[in-house]
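Working notes, beginning with the structure itself.
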Amino acid sequence: MAVWRAVSRWLAILALFWAGAAAAHEVQPAVADFEIGPDRVQMSIRMTLEAPLAGVDLAGLTNTNDSGNSDVYDRMREMPPEDLRAELEATWPRLANRFSILSGGSRLTPELDGVSIPDVANPENPRFSVLRLSAALPPGTDPLVLGWDASMGGIILRQQGAEDGYTAFLQNGQLSDEIPRLGGGAYTLSVAWDFLRSGFTHIVPLGLDHILFVLGLFFFALKWGPLLWQVTSFTLAHSVTLALATLGIVTIPPDMMWLVEALIALSIVWVAVENIFRPEMGWFRFVVVFAFGLLHGLGFASVLSDVGLPQGQFVLALVMFNVGVEFGQLAVILAAFLVLVLARLAADKARLDGEEALIRDMPALYRAVSLVGSILIAIVGLFWFLERIGALPGA
């Protein structure tokens, strides 16, 4: 028991550390609004400017703490706007080469038109600046291809000023499709794939809070029946609020999104605690999961509000994003199940005697894993809840 208490304390400390680091330093994609004029293309990019200026390579990175230049990045987040602007202007000739603006086989050089940098509020949170740039277009009607270097991370492109504008989520240095200068292109397959992938990646690996909630559903019971009832309830609920919020029927003011995020964290705590003390399927569990699914749908809607939906393919993009979310949830459940099966196979090979041999029984093994897992999930969820309501120092 003494060993178990010591292990539990260390697991709790590690869970809190991981939760705090993930919340403060999670990498988020940039959002670029662009408009193609008769002779120039103009872009407005909302991004964490400190990352490229600090030399942080965002390719495949989910947390800036994992970068060798994380100390420089953290120091720049505390810089006043005028100092960060000076860093940008000094670095721009090198930084401009990371942008890809192509037309007719020629690479166009972007010009820095300006930058808006907010004051430092809480250096523990990322600061989103707006970079404005443009490039002169060569004569003719050749389409454009846009993108940037993989080291800059992911970028969401949203074409403005066109009835059926181009929208895409680019990762790993990927370039856009050819974008006609006059707009009106049909990007059905591209839009479907981009929003399917976007929905999936906002669960795996970016949606840590949604991953923990889905694991909380998995840790409720070993039988497939209760799991399917819960996942179905959760899916129906978040699909409803995702659609209503995206259509503008339900709106959450931006200054109130902290409350939605806090309640999402509280939902994680709730399902984890129920797993520990009352793992029994009934109407109450069904209602609770459905209610929390409504909250998570609002969280997904906030993501889509940043990405933006193409007007000409609104329904397709919304449906494919939701399908991507479902694939992400299924991937989490499948991974958790495979880990459990591997643990069971390892127990068969292990030399276990006496009471330890009980671990070979799948229900006993599952209950042990679900208890420890639910305890850790509850700790992380509680930390996030307190952080999001501002109850922790520096939050």
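All heavy atoms count here, side chains included; hydrogens, waters and symmetry mates do not. Everything numeric in this text was worked out from a predicted model, so none of it was measured.
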Q | Hydrophobic cluster identity match, L330 and L334, side-chain contacts under 4.5 Å | A | no
(Q) I'd like to know whether V130 forms a side chain to side chain contact (heavy atoms under 4.5 Å, CB included) with I45, so could you lay out the CA-CA distance, the side-chain angles of the two residues, the decisive distance to 0.1 Å, and finally the verdict. (A) CA-CA 5 Å; V130 177; I45 307 174; over 6 Å; no
Q) Is any side-chain heavy atom of L131 less than 4.5 Å from a side-chain heavy atom of L112? A) yes
Q.
Tell me if the aromatic rings of F337 and W224 count as close, with their centers under 6.0 Å from one another.
A. yes
**Q.** ILVMFWY network linking V332 to L338, side-chain heavy atoms under 4.5 angstrom
**A.** no
Q. Under the side chain to side chain donor-acceptor pair (under 3.5 Å) criterion, do S129 and R46 qualify, and how do the steps go?
A. CA-CA 6 Å; S129 303; R46 180 179 180 269; over 6 Å; no
Q: Please name the pair of heavy atoms, one in L215 and one in A336, separated by the smallest distance, quoted to 0.1 Å.
A: CD2-CB, 3.7 Å
Q.
With a 4.5 Å cut-off on side-chain heavy-atom distances among I, L, V, M, F, W and Y, is there a chain of contacts connecting L236 to V231?
A. no
Q | Over all atoms of both residues, closest heavy-atom pair of P38 and L137 | A | O-CD1, 4.5 Å
Q) So with a 6.0 Å cut-off around OH of Y366, is the heavy-atom count from everything else above 12? A) yes
Q: Quick one: closest heavy-atom pair of R285 and N275, and the distance?
A: NH2-OD1, 3.2 Å
Q: Measure the CD-CD1 distance between Q329 and I203 for me, rounded to the nearest 0.5 Å.
A: 5.0 Å
**Q.** Gap between atom CD1 of I268 and atom OG of S374 - 0.5 Å precision
**A.** 12.5 Å
Q. Got a second to check how far L108's CG is from S106's OG, nearest 0.5 Å?
A. 7.0 Å
Q) According to a 4.5 Å side-chain heavy-atom criterion applied to Ile, Leu, Val, Met, Phe, Trp and Tyr, with indirect links allowed, do L382 and I389 form part of one hydrophobic cluster? A) yes
**Q.** Pair S44, D33: side-chain N/O donor-acceptor within cut-off below 3.5 Å
**A.** no
What pairs of donor and acceptor atoms, side-chain ones from residues 259-267 against any protein atom, are under 3.5 angstrom apart with sequence neighbours left out?
unit_1	atom_1	unit_2	atom_2	d
S267	OG	I264	O	2.5
S267	OG	H296	NE2	3.1

Q. Between V72 and R75, is any pair of side-chain heavy atoms under 4.5 Å apart?
A. yes
Q: Sequence neighbours left out, what passes side-chain hydrogen bond (donor to acceptor under 3.5 Å, both in side chains) with S370? Give chain and number order.
A: none
Q. Can you find a pair of side-chain heavy atoms, one from S134 and one from V41, that are under 4.5 Å apart?
A. no
(Q) When you compare the side chain of R388 with that of W258, does any pair of heavy atoms fall below 4.5 Å? (A) no
**Q.** Cluster overlap V323 with I333, hydrophobic side-chain contacts below 4.5 Å
**A.** yes
**Q.** Minimal non-hydrogen separation, G328 against V204, with atom names
**A.** O-CG2, 3.8 Å
Q. Does the side chain of R132 come within less than 4.5 Å of V115's, by heavy atoms?
A. no
Q | Audit row: F128, L49, side chain to side chain contact (heavy atoms under 4.5 Å, CB included) steps and yes/no | A | CA-CA 7 Å; F128 294 102; L49 192 57; over 6 Å; no
Q | Atom of L144, atom of S103 and distance for their closest heavy-atom approach | A | CD1-OG, 4.1 Å
Q) Taking the side chain from R98 and the backbone from A150, do they hold a donor-acceptor pair closer than 3.5 Å? A) no
Q.
With a 4.5 Å cut-off on side-chain heavy atoms, are I179 and F34 touching?
A. yes
**Q.** Considering all heavy atoms, the nearest N322-S239 contact
**A.** ND2-OG, 2.8 Å
**Q.** Atom pair CD1 (I155) and CG (L58), whose distance is rounded to the nearest 0.5 Å
**A.** 12.0 Å
Q) Hey, are E78 and R127 close enough for a salt bridge, meaning a charged N less than 4.0 Å from a carboxylate O? A) no
Q: Quick one: which residue pairs count as a ring pair (Phe, Tyr, Trp, His ring centres under 6.0 Å) with a foot in residues 93-116, not counting sequence neighbours?
A: W92-F99, F99-W148
Q. Can you tell me how far the CG atom of L53 sits from the CZ atom of R85, to the nearest 0.5 Å?
A. 12.0 Å
Q: Could you walk me through whether V269 and W384 pass the side chain to side chain contact (heavy atoms under 4.5 Å, CB included) test, one step at a time?
A: CA-CA 10 Å; V269 178; W384 281 340; over 6 Å; no
Q. Side-chain contact, heavy-atom cut-off 4.5 Å: E35 with R40?
A. no
Q. CD of Q174 to CG of L146: how many Å apart, nearest 0.5 Å?
A. 12.0 Å
(Q) Before we go on, tell me: are the rings of F195 and F169 under 6.0 Å apart, centre to centre? (A) no
Q.
What I'd like to find out is whether the side chain of Y166 reaches to under 4.5 Å of the side chain of L157, using heavy atoms alone.
A. yes
Q.
Among F213, F292, F218, F220, exactly one meets ring pair (Phe, Tyr, Trp, His ring centres under 6.0 Å) together with F234. Which residue is that?
A. F213
Q) What is the ring orientation for F286 with W229, classed by angle as parallel under 30°, tilted 30 to 60°, or perpendicular over 60°? A) perpendicular
Q.
Please evaluate residues E326 and H238 with respect to the criterion side chain to side chain contact (heavy atoms under 4.5 Å, CB included), reporting the C-alpha separation (whole Å), side-chain torsions for both, the decisive distance (0.1 Å), and the verdict.
A. CA-CA 10 Å; E326 302 317 311; H238 77 63; 2.8 Å; yes
